[in-house]
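Notes follow once the structure below has been shown.
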Amino acid sequence: MTAAIQHCNVIVRNPEGLHMRPAHRLVQVATGFQCQIELERAGQIADCRSILSLLTLGAPQDCELILRAQGPDADEAIRVISLMFSQQFDEENGEPAT
Amino acid sequence: MLELQGIAVSPGVAIGRALVFDREGYRITRCLVAVGEDEREWQRFVDAVRQASLKLEANRQSTADKLGERIGDIFSAQLQVLSDPQLQSELESLIRKRAYSAEYAVSEVFTKYAAAFRKASSSFLSERAADIRDVERSLLEVLTGQPMETLKTIPHEAIIVSHELTPGETAGFDPEKVLGICTEAGGSGGHTAIVARGMEIPAVVGVGNFLHQIRSGDEVIIDGHLGRIIVSPDDATRDRYRERRLFRQSIATQLQEIRDLPACTSDGVRIELMANLEFPHEAASCVARGADGVGLYRTEFLYLGRDQEPTEEEHYQAYAQVVRDMQNRPVVIRTLDLGADKMGMTMLAEPENNPFLGLRSIRLSLRNPPLFRIQVRAILRAACLGDVRVMFPMITTLDELRSARFLLRSVSEDLAAEGKHIQCAVQVGMMVEVPAVVLMLDRFIDEIDFVSIGTNDLTQYTLAVDRSNESVADLYQACDPAVLRLIQRTHLIAAEKKKSTSVCGEMSNNPAYALLLVGMGIRTLSLAPAAIPILKKAIRSVTIGQCEAMAWRALRLSTAREVDAFLMNQLAGLVPEIVLQA
């Protein structure tokens with residue numbers, strides 16, 4: 001357990017960027033953690049519990065974002081969420097990845 | 001009282017209550033709640049969120065059952081938006097700290113997000129904006145207890161206030177209910193302005209951001225002569241405008257008296273005053289106003305606000321009505337001038353970076369021969385009913401003119417082969433709207449029967465100004481010396497070959513400019529029907545020598561500003577009774 005800020009870089013792989021559906025999945029997962037989780041794109045910071053703030057990032061495909069988490073389960077949150085990014089939020093060209 | 005200056009695009013004064021639509025065309029109530037009411041308002045909002053959530057959840061469930069969980073997820077994302085913590089805290093601060101009504105707060109915050117999404121650069125973002133708007137609408141419907149009113153259903157007499165209106169929306173207005181129009185965006189040559197004028201609804205556009213300063217129900221005065229709008233006028237202002245309205249009505253009575261007299265200068269030079277028509281039903285009122293014919297029948301309004309192409313029969317019925325109502329007066333039918341901002345049919349519309357320089361007007365027609373043929377068939381059939389002339393818009397090259405004439409000939413042969421009765425000797429003309437045509441007119445002139453100068457597009461293409469862009473709208477001046485020289489050259493080349501030149505742009509609506517055109521030798525003017533009586537009055541008050549002197553001096557000035565000031569001054573001296581006092 002640590003109160004230090006954990007962070008890593010993630011890349012948006014979804015062809016349509018961080019759009020409604022991946023953002024929706026991200027909020028669902030982020031809400032399950034106790035820690036504060038945020039994404040940063042070029043100085044703009046989004047709260048991962050707020051779908052609107054995530055969408056406002058307007059992150060397109062191949063966009064690199066900084067993922068930060070602070071709180072009791074921050075390590076786990078970073079691990080799970082960066083995995084979600086690399087697996088394109090279970091979506092490939094709009095269809096479920098099998 | 002709040003006074004704002006915009007661009008006057010459709011004359012007349014309207015006094016009435018505002019009906020405010022936001023950017024998306026919803027009616028919203030922008031207001032604050034009374035002190036002490038904010039807590040109740042917040043509770044009302046919380047309840048609305050709960051109800052809207054139930055509705056969205058029901059939608060999600062039924063969609064998921066029908067189409068699968070993945071599609072149903074769209075609604076669960078919308079549910080997430082509804083309970084978004086960032087959104088909630090913004091709304092809470094507007095309602096609880098700044099006493100916004102729940103509707104106002106919702107509309108403000110959602111508009112902000114939708115705009116932010118739209119500004120971002122990729123293509124899927126606009127769909128997000130639509131999702132956000134969906135959530136907004138379900139919330140507003142719960143809060144107001146009724147389906148959101150849209151521009152299509154104006155409930156009572158009102159002055160429509162909006163960020164922007166499309167020509168299609170404007171054409172859909174009931175002129176009985178819509179007293180006036182005022183928009184934040186838009187410029188003087190935009191087609192919304194033309195439609196408003198066609199419907200004789202006073203309109204002011206290009207006012208800039210002001211929707212936050214007005215709400216539905218406020219009293220508003222629209223001054224379509226001076227381009228002014230006044231919100232919540234004081235008594236003195238309201239009285240002044242009522243008086244002015246009476247004064248105008250008395251001028252109208254005077255004009256009515258010369259209705260059946262010809263438009264001749266006091267020394268007997270006859271000027272043909274023709275009408276520009278948008279809709280077939282206007283033809284009757286053209287005759288009532290003493291028009292000598294229809295100089296420009298804009299046929300594209302058949303295409304607006306519908307998803308399917310009009311049939312040959314629909315074209316024919318519209319033209320036949322105009323020809324019959326004009327009772328043997330000439331009717332110049334311009335072929336399809338769709339494209340750019342007039343594009344009503346999405347199937348033909350490819351997004352273009354530069355629509356005014358793109359596939360529009362005659363270019364579009366020549367690229368779609370089946371569509372073009374349908375219209376030409378209808379025109380040739382209607383030509384049996386009276387004096388019908390065909391005019392091709394936006395011709396740029398001689399090849400285009402020849403292709404269009406070739407198609408006309410082949411359609412006429414088809415009709416003859418089918419045994420249809422057609423009029424063989426239909427006059428064919430072209431519009432002069434592109435500077436290239438003016439430069440090459442000596443090569444075109446032998447292949448046509450008449451030319452008509454469309455000053456709106458000619459001005460836009462000569463001065464390189466997008467006439468619907470309010471940031472450069474001030475550069476758009478039909479009286480610019482460059483435009484005047486092109487008009488003069490056109491007239492001289494046509495006159496040498498004994499072909500008639502008419503001017504059918506907005507320019508002819510202004511009596512000062514119209515007298516200038518007469519002074520330059522133009523004998524046929526085509527203008528908005530409502531502007532005909534006043535121009536006839538002006539023409540009957542001057543001699544041809546006075547007009548020629550005016551033109552001689554105007555053509556020697558160097559800037560649009562000088563020309564405009566000079567002409568206004570001349571008009572005030574020559575026909576003081578029609579110059580409206582500010």
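Reminder, nothing fancy here: chain letters follow the sequence lines and each chain counts from 1. From a predicted model like this one, the values you see are computed outputs, not experimental measurements.
- B:A77 and A:H24 make their closest contact through CA-ND1, 3.6 Å (heavy atoms, listed as atom of the first residue, atom of the second, distance).
- Across B:Q80 and A:A23, no two heavy atoms sit closer than the pair OE1-O, 4.2 Å.
- Among residues at least two apart or in separate chains, ring pair (Phe, Tyr, Trp, His ring centres under 6.0 Å) pairs with a member in residues 64-87 of chain A are A:F85-A:F89.
- A distance of 6.5 Å separates CG of B:D84 from OG of A:S53, quoted to the nearest 0.5 Å.
- Proximity to chain A is absent for every atom of B:S83, based on heavy atoms less than 4.5 angstrom apart.
- Heavy atoms from other residues, nucleotides or ligands lying under 6.0 Å from CD of A:Q36 number 12 at most.
- Taking CD from B:Q78 and CD1 from A:I51, the interatomic distance works out to 9.5 Å, rounded to the nearest 0.5 Å.
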